[in-house]
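One structure below.
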Amino acid sequence: MFGENVHTEKPPKGFFDYVWDAFQDLTLMILIVCAVLSLIIGISTEGISEGWHDGVGILMSILIVVFVTAINDYRQSLQFRDLEKEKKNIFIQVTRYGRRQRILIHELVVGDVVHLSIGDQIPADGIYIHGFSLSIDESSLTGESDPVYPNAEEKPFLLAGTKVQDGSGKMLVTSVGMNTEWGKLMASLSEVGNEETPLQVKLNGVATLVGKIGLVFAVLTFCILLTNFCFEKEDYTKWSGEDVEDIVEFFTIAVTIIVVAVPEGLPLAVTLSLAYAMKQMMKDKALVRHLSACETMGSATCICSDKTGTLTTNQMTVVKVWAGDGVHEPLKLSSSLSQTALDLFLEGIFQNTNGDIVEYNNEQELLGSPTETAILRLGLNLGGDFKAIRAKASIAHVEPFNSSKKKMAVLLGLEEGKFRAHCKGASEIVLGLCEHVMTSDGNTKPLDIDKRNQLEDVIDNFAKDALRTLCLAFKDVDGEGSVIPETGFTCVAIVGIKDPVRPGVVDAVNLCIRAGITVRMVTGDNIETAKAIAKECNILTNDGIAVEGPVFRTWSEAEMMENVPRLQVMARSSPGDKLLLVQHLKREQHVVAVTGDGTNDAPALHEADIGLAMGIAGTEVAKESADVIILDDNFSTIVNVAKWGRSIYTNIQKFVQFQLTVNLVALLLNFSSACITGRAPLTAVQLLWVNLIMDTLGALALATEPPYDELMDKKPVGRKGTLITAVMWRNIFGQTIYQLTVLWQLQSRGKILFNLHGDDAQDVLDTMIFNTFVFCQVFNELNSRQMEKLNVFKNTLNNKVFIGVMMSTVVFQVLMVEVLGKLANTVPLTLEQWLISISIGAISLLVATLVKLPINGNWKVAKEFAQEQWLMGSAVAGLAFVVGLSYHFFFK
């Protein structure tokens, strides 16, 4: 009746919008004009039966380029749209039909009662019912940074899109979706996949530079071809249609050189790689909010990780309890305490909680954080009745838990006007507020030095057993009881909660160590518990440092410089300590990834190079401050994100190496040929096909390589890593020199070497040059899969996209030569000529091997390769075949 709780967005761009955008490229528009001119001149001079070939061939090539580009862009937009939908899958807790339950935010309706707690985003407009210490951050809506404190009399309205800064409360939903103030503000906004990452910006700069160089070469090529034409023309008073057609062809070749030279595939490769990686990471339980995080994570040098829920399972169970006079197993506790002591203990469990127990279909469901549900389950196992105990007292005041105080408290109104405060939290902090201790018969006695030391030993022993410890305490309060006391409590019990280490975490930490990534545990837990878990996870080593937050924040800059490199565990840390650590690591040029789940973690998540919020335990404030949301709260997923980040970075490097090689060869071949022979060996249609191979298809093949384990064998590139390395330049120049040498030999001596005669000799030679050039790129695309290692075939079968692109390129090249002759300016080749073209292209594999041999370790690999006799025999046979063909045709 009142609408859905969703925001209407602008309709997304359709496929033909992307087609239109692709047509807006200036060089393609110029080529279309050239093609039309060529078509008009060709038909007027040669007749419609022969004169349409060149013009239509160029137009068809342009259409193919445009549609392939549009298809890629459209598919990426669909992927980004799916990810945007995932971002909006937020769970909230409501009371509906008299029962508290967890629902998705878009399922919210008018009349629901929403439960709010610190870090939540208010899901709809509503009216404040009641709450405790509730403060709201309305800066996202009003721009005002001061918190708002709602109350039922003066400020009862709560607005969608704002965030709970502190406290807890309930609200009645009055309007949802587009009827809210936030919905009206969002009506004109759309935010699907339009951000540009740092790597895209950097590659746009490279593309612009290469494009300018290509423009210079294009102008020079046109000038040289035109000058040569003018020298050869005998009579300037007579101009034919063929002369005009030649000039138009010169101009078309020049424009096409610009099209080939401008490496628009560089930013396209980044977008393709990011889109592919984001989709795959989603399957691996990582939701990317900011594209830049994908590539940055590949450069991470250290990860500062939470403990609870990230390194551990967050499936908590109380396994030990100190109460009365000693440590007990939970199920035997009721027989060790008097009824009075047990009642006080259960009252502290069921009244001082932000969890809940609801009954549905005759079953009890525990709601709340894993810590709360573990304590509530202990109370139920001890025979406690949640509803009955809650009904015995009214709640006068609540102090919600926050990460700075590390405790929570409640003030109860009892019968006869009495009040009682219950406190629960970090054991050493709550114990520090206690002055008495409860005995097993329910009486209290002073907490002297000996007893305090005994309880501190209990806490340490629990912690050394890798148990999370909580202390429960109470105090009877005189007077009106409007304020929760800070001292004078009576210690009731200390509970030890087991939270097992997640399966696979140890392997993930070891993988990080192998990859040169330092893992640090930053937790609010007891230092002994943190050290025990860190040792179990292989984070804390013998020479590592474990420190508590209060000590860490007192370190001077000199002490930071000395100790932080060996710092592996920080316990009892506050969000400010985490932020301080991140800032110091960044000053030391580290690329820092930080996990967080609380509202107060937002500054550290924002300051870090990569903020990783927990999808299950994380608050909405933490998620909005993060770059990546870890949907399963698992440390192994974080390591997978790092592996994907490295894969993206490496894939971009592969494509840059491939594209710059094609660029250099195409530019220098056409320019040098124009200078020496006065004609360009590659026509406009052929150059457009090469442009499609190296830009769109090349990006698709190389930018979608899935990650493999060897990526984690390298050290991270860090903050100062170079995109184009010396190894890449060596590969680029090695292939460029080889290809230019071979192609120039074909152009200058091809007729003699291949014994070509007759009227079609030049056409056959030009087709062979074009065919050889394309197969050089096909095999060089295979070379680019491994920039340093010799075996370029490894994991090839794992990438179906790469295989598909390679096969499609070869099939279409056959069609270009054998079928589309007039359109592509080619003639059919014989089987021998095909073998020669393929063999010359295949030799680039051998060239790549020779170029890579000087790299560390490759001589050893080559030697081991040679020792494998059957492999050696295959290699020699293949090389003999290539050399035999070359000798037969070149030196016959």
Side-chain angles (χ1 to χ4, degrees), residues 206 210 263 266 269 649-669 672 690 693-694 698 701-702 705 708 710-711 713-714 717 721-746 772-796 802 806 837-868 871-872 874-883 885-886 890:
V206 173
V210 176
L266 292 179
Y649 195 86
T650 304
N651 289 347
I652 300 307
Q653 286 185 312
K654 294 173 184 177
F655 179 70
V656 168
Q657 174 181 299
F658 170 68
Q659 183 160 60
L660 289 182
T661 303
V662 185
N663 271 29
L664 279 173
V665 176
L667 283 177
L668 293 175
L669 178 65
S672 60
V690 170
I693 293 174
M694 75 176 189
L702 294 173
E705 285 270 356
Y708 45 90
E710 288 83 354
L711 287 171
D713 290 334
K714 299 179 181 178
V717 296
T722 304
L723 180 64
I724 306 178
T725 63
V727 170
M728 290 170 63
W729 281 121
R730 187 185 312 180
N731 294 339
I732 290 169
F733 287 129
Q735 289 294 331
T736 301
I737 291 169
Y738 165 71
Q739 290 186 28
L740 281 176
T741 302
V742 170
L743 293 172
W744 183 246
Q745 285 293 317
L746 289 178
T772 302
F773 177 73
V774 168
F775 276 101
C776 281
Q777 311 324 315
V778 168
F779 284 101
N780 191 39
E781 195 165 0
L782 193 60
N783 283 330
S784 298
R785 293 189 66 254
Q786 292 289 346
M787 291 179 289
E788 297 181 16
K789 295 187 177 180
L790 298 180
N791 186 1
V792 297
F793 298 98
K794 189 174 183 180
N795 300 317
T796 303
F802 182 87
M806 293 284 282
S837 300
I838 296 171
S839 298
I840 293 173
I843 292 175
S844 65
L845 295 173
L846 181 60
V847 172
T849 302
L850 295 174
V851 169
K852 293 174 187 175
L853 279 178
I855 300 173
N856 291 339
N858 276 342
W859 284 109
K860 182 180 179 182
V861 173
K863 183 179 178 182
E864 292 174 354
F865 178 79
Q867 287 173 347
E868 297 287 342
L871 282 175
M872 189 62 181
S874 302
V876 170
L879 185 60
F881 173 74
V882 172
V883 171
L885 282 176
S886 302
F890 280 80

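- With rounding to the nearest 0.5 angstrom, the OG1 atom of T725 is 9.0 Å from the CZ atom of R730.
- Of all heavy-atom pairs spanning K654 and M787, the tightest one is N-SD, 4.1 Å.
- Remark: Q657 engages N731 in a side-chain hydrogen bond (donor to acceptor under 3.5 Å, both in side chains) (not counting sequence neighbours).
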Fill in: Test log, rule side-chain contact (heavy atoms from CB on, under 4.5 Å), inputs T661 and Q739
CA-CA 9 Å; T661 303; Q739 290 186 28; 4.2 Å; yes
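- Under the rule for a side-chain contact (heavy atoms from CB on, under 4.5 Å), the partners of I737 that lie at least two apart in sequence or sit in another chain are T741.
- Put simply, CD1 on I838 and SG on C776 are 11.5 Å apart, with the number rounded to the nearest 0.5 Å.
- Between I840 and Y738, the closest side-chain pair of non-hydrogen atoms falls below 4.5 Å.
- Nearest approach of S837 to F775, heavy atoms of both residues: O-CB, 4.0 Å.
- With values rounded to the nearest 0.5 angstrom, R785 atom CZ is found 13.0 Å from N780 atom CG.
- Under the ring-ring contact (aromatic ring centres under 6.0 Å, His included) criterion, Y708 pairs with no residue at all, not counting sequence neighbours.
- Applying the side-chain contact (heavy atoms from CB on, under 4.5 Å) test to F793 and every residue at least two apart in sequence or in another chain returns L782, N791, T796, L845.
- Between E710 and K789, none of the side-chain N atoms (NZ, or NE/NH1/NH2) sits under 4.0 Å from a carboxylate O, so this pair counts as no salt bridge.
- S784 approaches L702 most closely through the heavy-atom pair CB-CD1, 4.1 Å.
- Every residue two or more places apart in sequence or in another chain was checked for a salt bridge (Lys or Arg N to Asp or Glu O under 4.0 Å) with E781, and none qualifies.
- Taken from CG in N783 to OG1 in T849, the straight-line distance is 7.0 Å, to the nearest 0.5 Å.
- Among all heavy-atom pairs drawn from Q735 and S844, the shortest one is NE2-O, 3.0 Å.
- In this structure, the separation between OG1 on T772 and CD on Q777 is 11.0 Å, given to the nearest 0.5 Å.
- For N651 (side chain) and E705 (main-chain N/O), a donor-acceptor pair under 3.5 Å exists by modelled atom type.
- Every side-chain contact (heavy atoms from CB on, under 4.5 Å) that L664 has, sequence neighbours left out, goes to I732, F733, T736.
- Rounded to the nearest 0.5 Å, atoms CD (E788) and OG1 (T650) are 9.5 Å apart.
- Annotation: salt bridge (Lys or Arg N to Asp or Glu O under 4.0 Å) contacts of K714 (sequence neighbours excluded): none.
- Residue A666 comes nearest to F773 through the heavy atom pair CB-CZ, 4.1 Å, listed as atom of the first residue, atom of the second, then distance.
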